[in-house]
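Comments concern the structure below.
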There are 2 protein chains.
Amino acid sequence: MYLTLDLESEEPIYTQLKYQIIAGIAKKELSPGEGLPSVRSLAADLGINLHTVNKAYQQLKQEGFILIHRQKGVVVNPDGVPQANEAYWSELESKIHPLIAEAVCRNVSEKDFLQLCSQIFTKFNIKDDES
Amino acid sequence: MYLTLDLESEEPIYTQLKYQIIAGIAKKELSPGEGLPSVRSLAADLGINLHTVNKAYQQLKQEGFILIHRQKGVVVNPDGVPQANEAYWSELESKIHPLIAEAVCRNVSEKDFLQLCSQIFTKFNIKDDES
DNA sequence: TAACTGTTATACTATAAATATAACAAATAA
DNA sequence: TTATTTGTTATATTTATAGTATAACAGTTA
């Protein structure tokens, strides 16, 4: 799995890392139980600091995406990601709300908006391996 | 139009201001050509600093939501908000992408996700005044 | 023993957010 | 004319976050 960073972006590096790993799980490029690089080696590969990687890992751990064993290192959660709960839906709504507010202002139709979402969903539905 | 701020939120105050004004335009609580409070009076009403309001206004101005005349003060863009262009769609996609990545991880179906979006759209479709 | 793991601690730089004053230029109202 | 209000600009300060730089500790593994 490839990780690419945009050091010019306003989006913090650790956030970019988080969402690329989440996207990797969504696309099944990362499987449950699969190991991730150590904080030191990943930091070295990406040319960034150990703590920046650690911050991304800690948040992914707290949100249930990965587990961190003293022994086994960092692994994608073998039991899968926690299912959507009430708190998740509430937070998701508050993230989408301002996007739709602006869309409505710009006369974007509900149909076109939903179509964009569908199109993005499709990117994650590519079947298993691509060999 | 009421503006409410959450000073405990991690979301910057000027961002909260921006999106509540955008939401006001979307809900037609704010009409094209309608005046907005001066930076000083709004800051005083909300108990925040002049520059925080100014920052929100400047960004809204740059994005075409409002106009600022020396004479007339601050008004909602009489010509309406600029239509969605290629840059807008591109930026929107990059904002939705990580949300859908996480949704896929949590086994949220495309149908449920689109349903949430539809539900939010409905909030902006309330007809005109509510007298 | 040596190397590697996650973890913790400290210190530093840089940037963003927010506030606090102050002042300027233009328009308006007394 | 004076006084007030407008948006605007300029400085300075505080606070918090992001990122880096070292260093060390406690386990695990080769």
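So that the names make sense, note that chain A is the first sequence line, chain B the second, and so on, each numbered from 1.
- Residue B:Lys55 places no side-chain N or O under 4.0 Å from the OP1 or OP2 atom of C:dA18.
- With rounding to whole Å, B:Ile48 atom CD1 is found 11 Å from C:dA20 atom P.
- Atom C1' of nucleotide D:dT6 and atom CG of B:Leu36 are separated by 14 Å, given to the nearest angstrom.
- Within the 4.5 Å cutoff, the side chain of A:Gln119 has no heavy atoms near those of the A:Gln115 side chain.
- Residues A:Leu3 and A:Leu42 meet the side-chain proximity criterion, which asks for heavy atoms closer than 4.5 Å.
- Among D:dT8, D:dT20, C:dG6, the nucleotide with an atom closest to any side-chain atom of A:Asn49 is D:dT20.
- The side chain of B:Asn54 has D:dT9 as its nearest neighbour among C:dT7, D:dT9, C:dG6.
- Residue-level contact check: B:Tyr57 touches neither bases nor backbone, having no heavy atom under 4.0 Å from any strand.
- Rounded to whole Å, the distance from NZ on B:Lys18 to P on C:dA17 is 11 Å.
- Remark: A:Thr52 is in phosphate contact with D:dT20, judged by side-chain N or O atoms under 4.0 Å from OP1 or OP2.
- Heavy-atom nearest nucleotides on DNA chain C were determined for A:His69 and for A:His51, and the one closer to the 5' end corresponds to A:His69.
- Comparing D:dT20, C:dA22, C:dG6 against the side chain of A:Val74 picks out C:dG6 as the nearest.
- OP1 or OP2 of D:dT5 has not a single side-chain nitrogen or oxygen of B:Ser38 nearer than 4.0 Å.
- With contacts defined as side-chain heavy-atom distances shorter than 4.5 Å, the pair A:Val39/A:Tyr57 qualifies.
- Backbone-only engagement by A:Gln58 is indicated by non-hydrogen atom pairs under 4.0 Å involving sugar-phosphate atoms exclusively.
- Atom CD of A:Gln59 is separated from atom P of D:dT17 by 12 Å (rounded to the nearest Å).
- In this structure, A:Tyr14 does not reach the D:dG19 phosphate: none of its side-chain N or O atoms is under 4.0 Å from OP1 or OP2.
- With rounding to whole Å, B:Leu5 atom CG is found 14 Å from C:dA17 atom C1'.
- In this structure, A:Gln16 and A:Thr4 have side chains that are not in contact, with every pair of non-hydrogen atoms separated by 4.5 Å or more.
- With rounding to whole Å, A:Ile13 atom CD1 is found 11 Å from D:dA21 atom P.
- One can place CD1 of A:Ile68 at 16 Å from P of D:dT28, the figure rounded to the nearest angstrom.
- One atom, CG of B:Leu42, and another, P of D:dG7, lie 10 Å apart when rounded to the nearest Å.
- Nearer the 5' end of DNA chain D, as judged by each residue's closest nucleotide, is the contact made by A:Leu7, out of A:Leu50 and A:Leu7.
- Around the CD atom of A:Gln83, the shell of radius 6.0 Å holds more than 12 heavy atoms that belong to other residues, nucleotides or ligands.
- Side chain of B:Arg40, nearest nucleotide from D:dG19, D:dT6, D:dA23: D:dT6.
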